[in-house]
Number of protein chains: 2
Amino acid sequence: MALNKQTQLIDAALQLFYEKGINSVGINEVLKTTGIAKKTLYNHFKSKDELVLAALKKRDQQFLIWLDRRLEEADSKEKAVVVLFESLTDWFHNQVEELPPFRGCFFINSAIECGVVNNEIAAYCKDHKQQVRQLLSKRMSHLSDEVLDVICTLKEGAIVMAYVAEDKNAAMKCLPSALTLVAGN
Amino acid sequence: MALNKQTQLIDAALQLFYEKGINSVGINEVLKTTGIAKKTLYNHFKSKDELVLAALKKRDQQFLIWLDRRLEEADSKEKAVVVLFESLTDWFHNQVEELPPFRGCFFINSAIECGVVNNEIAAYCKDHKQQVRQLLSKRMSHLSDEVLDVICTLKEGAIVMAYVAEDKNAAMKCLPSALTLVAGN
DNA sequence: GTCAAAGGAGACAGACTTGTCTCTTTTGAT
DNA sequence: ATCAAAAGAGACAAGTCTGTCTCCTTTGAC
């Protein structure tokens with residue numbers, strides 16, 4: 001039961017924080033949507049920041065599992081690049097069941113919203129990016145570090161373009177160039 | 001005198017908002033650093049959001065003028081790409097006098113911090129990205145729209161990598177690939 | 001010199017925030 | 001059945017924020 005409440009809190013926090021931004025969502029809103037009492041929340045989490053970290057962790061797992069599953073079908077680095085940018089496109093267009101409606105990258109958003117004041121959150125966001133890079137590295141074997149860095153940079157850029165510039169096709173626009181780079185390596 | 005106060009307010013707001021984030025800086029902090037009274041601020045600006053918009057406008061001009069000056073020396077699209085990513089690298093490493101210490105892109109940050117609740121701010125941030133694209137288009141004539149999009153996406157990605165992932169060399173890592181793409185076009 | 005406009009200083013209202021605490025009820029293990 | 005731990009409900013403290021308002025001083029135009 002205790003774990004159940006904790007899970008409920010994290011789920012609701014992740015959903016609200018991602019949808020509206022961490023600073024726009026108060027503890028009370030999380031409590032209201034879950035129907036859980038404030039005392040229970042502070043029984044499980046020392047502070048709001050700890051709840052934020054738990055939400056980041058949940059999203060971290062959620063995202064990595066989704067991306068890994070998608071990349072499973074790729075049997076070459078070229079195919080992996082295609083799958084990566086097609087997956088991003090599906091995400092931007094809200095065509096991924098496992099992920100809530102696209103509101104940018106939760107880690108970029110959180111780092112910008114909280115990173116200045118909370119170093120632990122900034123570090124976790126940085127770490128997530130590193131983990132995604134590692135996952136891509138695994139699925140794109142024999143790809144040089146240099147090209148992998150560019151692929152990662154294109155991925156981050158596409159997320160920003162999709163969110164800030166509202167260009168949901170940003171990822172697809174990168175695909176031909178990304179393939180050229182991978183092929184030449 | 002009136003204009004002078006207004007300029008002081010916008011300058012201080014831009015500096016503080018960019019350094020600490022919009023939501024972390026209250027009106028009172030802007031007033032304290034300038035020594036200007038609250039009544040005077042609300043005489044010039046209807047609300048905090050209007051001051052934010054004024055700060056965005058100032059930064060918009062500041063950034064575009066700086067980038068345009070840097071790109072002046074480029075006499076070909078290949079040279080323009082080199083100058084672009086070298087300029088970004090200088091920016092990331094705080095080697096640009098005209099710009100305050102690097103804290104990411106003020107427009108990405110503001111869109112993420114305020115975009116959900118204030119549509120006007122989100123629109124201005126989107127517009128800034130469009131203006132930078134237009135500037136690059138002017139300085140990289142005869143470059144296809146497709147490759148220009150990729151160059152812009154790399155630029156956004158490099159900013160995010162430099163800020164969130166703390167990789168200040170992100171822009172330089174993109175340069176060889178960017179040149180390959182431009183050359184092949 | 002006069003007088004209105006602008007500005008300084010800051011109290012204040014009203015609405016938020018996080019986190020603590022009390023009191024009551026439910027639950028689950030023994 | 002008992003009894004301690006967990007949870008519900010929410011008051012409350014202490015702080016934050018924006019925006020308004022008052023009172024007083026300075027300044028600049030005529």
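To find a chain, count down the sequence lines: A is the first, B the second, and so on, and within it residues start at 1.
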| said: Can you tell me which nucleotide in C:dT22, C:dG8, D:dT18 comes closest to the side chain of A:K39? | reply: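 Looking only at side-chain atoms, A:K39 lies closest to C:dT22.
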
| request: Measure from the side chain of A:Y42, starting at C-beta and using heavy atoms only, and say which of D:dT18, D:dA7, C:dT18 lies closest. | output: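 Selected nucleotide: C:dT18.
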
| task | Look at A:T40 and D:dA6 and indicate whether a side-chain polar atom (N or O) is within less than 4.0 Å of OP1 or OP2. | result |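 It does not, given that no N or O in the side chain of A:T40 lies less than 4.0 Å from OP1 or OP2 of D:dA6.
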
| request: Taking only the side-chain nitrogens and oxygens of A:H44, find out if one of them lies under 4.0 Å from OP1 or OP2 of D:dA7. | output: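 Checking A:H44 against D:dA7: at least one side-chain N or O falls below 4.0 Å of OP1 or OP2.
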
| task | Determine, step by step, whether A:D60 and A:Y124 satisfy the side chain to side chain donor-acceptor pair (under 3.5 Å) criterion, reporting the C-alpha distance in whole Å, the side-chain angles of both residues, the deciding distance to 0.1 Å, and the verdict. | result | CA-CA 9 Å; A:D60 191 21; A:Y124 198 96; 3.2 Å; yes

| Nucleic acid contacts of residues 46-58 of chain B, taken as heavy-atom distances under 4.0 Å to DNA chain D |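 Going residue by residue through residues 46-58 of chain B, the ones with a heavy atom under 4.0 Å of DNA chain D turn out to be B:S47, B:K48.
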
How long is the line joining [atom1] of [X] and [atom2] of [N], in whole Å?
{"X": "A:N23", "N": "C:dC16", "atom1": "CG", "atom2": "P", "result": "16 Å"}
{"X": "A:Q6", "N": "D:dA6", "atom1": "CD", "atom2": "P", "result": "12 Å"}
{"X": "A:L31", "N": "C:dG19", "atom1": "CG", "atom2": "C1'", "result": "11 Å"}
{"X": "A:I27", "N": "C:dT20", "atom1": "CD1", "atom2": "P", "result": "11 Å"}
{"X": "A:N4", "N": "C:dG28", "atom1": "CG", "atom2": "P", "result": "11 Å"}
{"X": "A:L41", "N": "C:dT20", "atom1": "CG", "atom2": "P", "result": "11 Å"}
{"X": "A:F45", "N": "D:dA6", "atom1": "CZ", "atom2": "P", "result": "15 Å"}
{"X": "A:K5", "N": "D:dG8", "atom1": "NZ", "atom2": "C1'", "result": "9 Å"}

| query | Hey, does B:N118 have a side-chain heavy atom less than 4.5 Å from the side chain of B:V52? | reply |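 Counting from C-beta outward, B:V52 and B:N118 never come under 4.5 Å.
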
| Does B:D68 offer a backbone N or O that forms a donor-acceptor pair with the side chain of B:K138 under 3.5 Å? |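 Here the side-chain-to-backbone pair does not exist.
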
| request: Establish whether the base of C:dG8 is bridged to the side chain of B:K38 by a donor-acceptor pair shorter than 3.5 Å. | output: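 Check fails, no donor-acceptor contact within cut-off.
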
| query | Passes side-chain contact (heavy atoms from CB on, under 4.5 Å), A:L67 versus A:L84? Steps please. | reply | CA-CA 8 Å; A:L67 190 57; A:L84 170 63; 4.2 Å; yes

| query | Where do B:K126 and A:D167 land on the salt bridge (Lys or Arg N to Asp or Glu O under 4.0 Å) test, with the steps shown first? | reply | CA-CA 10 Å; B:K126 179 179 172 181; A:D167 179 6; over 6 Å; no

| query | When the ring planes of B:H128 and B:F107 are compared, do they come out parallel, tilted or perpendicular, using 30° and 60° as the limits? | reply |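 Plane angle under 30°, so parallel.
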
| field | SB check A:E98 A:R69 (cutoff 4.0 Å) | value |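 Here A:E98 does not pair with A:R69 in a salt bridge, since their nearest N and O are not under 4.0 Å apart.
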
